[in-house]
Amino acid sequence: MMPLIEEELDAAYKVYRLYKAGEKAAIEAALSTIRAVITGGGAGLSNEWIERLPALGLIAINGVGTDKVDLDFARSRNIHVSTTPGVLTDDVADIGIALMLAVLRHLPQGDQFVRNGDWMQRKAFPLGTSPKGKRIGILGLGQIGKAVAKRAEAFGMNVHYWNRSLVSDTPWTAHPSPVELARNSDVLVVCVAANAETQNIVNVDVLTALGGNGVIVNVARGSVIDEDALLAALEKGVIAGAGLDVFVNEPAIRGGFFTAPHTVLMPHQGSATFETRMGMGALVLSNLKAYFAGDVPPTKVN
Ligand code: 8YV
């Protein structure tokens, strides 16, 4: 977390940091007294860990993804789970748009082309693809999906979406299934929350429906895409390209991504700005404060 947030934590609480090797023994000795855990959306907290912490009453996720915390199990033990909604929406949406443009306009390749002297030698650089007038498909029209859609409209794109439940009050075109959405998209941006229902929701059928000119962008979680199917689709030209901020088993991602054609990779940076990380940290602190005061954490999700 941001140094300022860490300082506030240290000022208010006795803090053990599991990621610091030197604190392991102290944590083992303090297990029965630990009342709250702060974790990231990608890391979560396993049931095995929860079982080792009999005094635990709050899991404060520094993020919005709850896929790595068993919410039912936490509830059965009267443990609050809180997240940091709202504050990261715009920055995650920005990364989605940035990845789309990076793929369509060959940004990483252009940077390399200039640096390695190809431009100076007057070599040819491939033309890009304009987003203007193209169809963007939003898979999962929650807060982040809507923020991506609004941005895409500013680029002159036509917005289509699929969402598990009906979304009212949108001017955008709904589709009955992820496959139908992909069939009607030039760029498919995956914004859906990760859970048992959405695991591998982007499968070979969705990728095939997206087609040879289609680009996929993922700012959600690696688990919502069948990564073997995605890598095969990229290799075989079943789809045109991919912009990915999230992967299964981060940061030890599948080796195939290192050589996947027309693919732009980011190390899970959606919410990683100074501003948003301060906002997230502030929400974590307010959830802790409420919980330790005996109140309901303000952004509790279970
Ligand atoms: C963070 C995230 O990078 O919100 C989420 O679920 O994955 C990201 O915002 C992560 O939580 C690290 O703290």
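Just so you know, ligand 1 is whichever comes first in the structure, and atom 1 is the first atom listed for that ligand.
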Seminar exercise, completed: In short, ring pair (Phe, Tyr, Trp, His ring centres under 6.0 Å) pairs touching residues 53-84 with sequence neighbours left out are none
Please tabulate, one line per pair, the protein N or O atoms found under 3.5 Å from any N or O atom of ligand 1, giving the distance to one decimal.
residue, atom, partner, partner atom, Å
ligand 1, 3 (O), Arg277, NH2, 3.1
ligand 1, 4 (O), Val64, N, 2.7
ligand 1, 6 (O), Val64, N, 3.3
ligand 1, 6 (O), Gly65, N, 2.7
ligand 1, 6 (O), Arg221, NH2, 2.7
ligand 1, 7 (O), Arg221, NH1, 3.0
ligand 1, 7 (O), Arg221, NH2, 3.2
ligand 1, 7 (O), His268, NE2, 2.8
ligand 1, 9 (O), Ser271, OG, 2.8
ligand 1, 11 (O), Gly41, N, 2.7
ligand 1, 11 (O), Asn62, O, 2.8
ligand 1, 13 (O), Asn62, O, 2.9

Problem set entry | Contacts of Asp111 that satisfy side chain to side chain contact (heavy atoms under 4.5 Å, CB included) - sequence neighbours left out | Arg115
Exercise. Taking atom types as modelled, is there a side-chain donor on Thr273 or Asp91 under 3.5 Å from an acceptor on the other?
Worked result: yes
For this session: Answer yes or no: is there an ion pair linking Arg17 with Asp10, defined by an N-O contact shorter than 4.0 Å?
Result: yes
Exercise. Leu127: which other cluster members, linking ILVMFWY side chains closer than 4.5 Å, directly or transitively?
Worked result: none
Exercise. Can you tell me if Asn47 and Asp70 form a side-chain donor-acceptor pair at under 3.5 Å?
Worked result: yes
